[in-house]
Amino acid sequence: MSLIVAKELEKTYIAGDIKVHAIRGVDFTIAPASFVSFIGPSGSGKSTLLNMIGSLDPPTKGTLVVAGEEITSISRKEAARFRGEHIGFVFQDFNLIPVLTVAENVEYPLQMVQNWPKAKRRARVKEVLEAVGMSDQGPKFPSQISGGQKQRVAVARALVTNPKLVLADEPTANLDRETAGRIIDLMKKMRDEFSTTFVFSTHDPRIVENVEITFTLEDGKLLRDEKPMGGGHV
Ligand code: ADP
């Protein structure tokens, strides 16, 4: 069964008198445990698509089924529950909470979304920090670690609730090339270890070399040039 099925998906923003057709009817499926990137220039619709998949923003038309749930027109409350159960997010500017330590940042979703007891939370935080190679950095604050380390923490935070899907919008945009490559490798390793599907966006063609499947967006449409290289199915 596919993890994501999009059919004739459209998103139109209305800004004053102007309609912006950000996504103009796209169809795709993404299998569980895939490692996929949407690529395309700035303004091609990548963030819009990721936001719809993450149920942050509803489609204007079409249908979207993610993790077996029809999310096309669910309520805001249902969308929040859906995100808490199934989705982890990684952002381009890391979005760590500066007044919380690394360990507290990773623990945060467990407190907010899944009301786990303290001992179980701490054990899970230790496990994911180890998985991303940050086990000795738990007591530090975000200002005391590098950009690459911040993104490792963000990946740990996205994985801590054991979601089926991690959505990462331009996760390497604020990193140098070498660090960016390491973050992509880390996400792939996490996919292998936890069978979590990773879907991310990038406009950096150099990053795309390390991705198993790419969907190219141009002006809100998908070009039919996916690059399946094993591991996932399109
Ligand atoms: P990308 O992530 O590829 O840079 P986006 O999904 O951010 O592209 O944007 C796609 C198009 O939709 C762009 O033309 C952008 O200006 C427009 N857009 C995005 N968000 C909004 C919004 N909230 N209101 C109006 N237009 C928007």
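Start at 1 and go down the list; that is how both ligands and their atoms are numbered. For clarity, every value in this text was computed on a predicted model and none was experimentally measured.
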Do any N or O atoms from the side chain of Arg191 and from the backbone of Ala33 form a donor-acceptor pair under 3.5 angstrom? yes

Provide, to 0.1 Å, the distance between atom 16 (O) of ligand 1 and the closest protein heavy atom, together with that atom's residue and name. Val20 CG1, 4.9 Å

Closest approach of any protein heavy atom to atom 9 (O) of ligand 1, naming residue and atom: Thr48 OG1, 3.9 Å

Identity of the nearest option to atom 8 (O) of ligand 1, non-hydrogen atoms only, from Gly40, Gly45, Gly16, Ala15: Gly45

Assess the residue pair His21 and Glu10 against the criterion (side-chain hydrogen bond (donor to acceptor under 3.5 Å, both in side chains)); give the C-alpha distance rounded to whole Å, side-chain angles, the decisive distance to 0.1 Å, and a yes or no. CA-CA 8 Å; His21 299 286; Glu10 290 183 28; 5.8 Å; no

Can you find a side-chain donor-acceptor pair between Tyr13 and Thr48 that sits under 3.5 Å? yes

Heavy-atom contact under 4.0 Å between Ser201 and ligand 1? no

Carboxylate-amine/guanidinium contact Glu8 Arg24, below 4.0 Å: no

Would you mind checking which non-hydrogen protein atom is closest to atom 27 (C) of ligand 1, with the distance to 0.1 Å? Tyr13 CD1, 3.2 Å

Ser42: numbered ligand 1 atoms lying under 4.0 Å from its heavy atoms: 4 (O)

A quick test of your reading: do over 12 heavy atoms of other residues, nucleotides or ligands sit less than 6.0 Å from NZ of Lys188? yes

Asp57 with Lys11: basic N within carboxylate O range, under 4.0 Å: yes

Which atoms of ligand 1 sit under 4.0 Å from any heavy atom of Lys46? 1 (P), 2 (O), 3 (O), 4 (O), 6 (O), 8 (O)

Which residue and non-hydrogen atom of the protein lie closest to atom 7 (O) of ligand 1, and at what distance in Å? Ser47 CB, 3.7 Å

Counting from 1 in the order shown, the ligand 1 atoms closer than 4.0 Å to a non-hydrogen atom of Pro41 are 3 (O)

Would you call the rings of Phe38 and Phe215 parallel, tilted or perpendicular, where under 30° means parallel and over 60° means perpendicular? parallel

In terms of side-chain geometry, is the basic nitrogen of Arg124 or Glu127 positioned less than 4.0 Å from the acidic oxygen of its partner? yes

Nearest neighbour in protein (non-hydrogen) for atom 12 (O) of ligand 1: Ala22 CB, 3.4 Å

Please write down residue, atom name and distance for the protein heavy atom closest to atom 13 (C) of ligand 1. Gly43 O, 3.8 Å

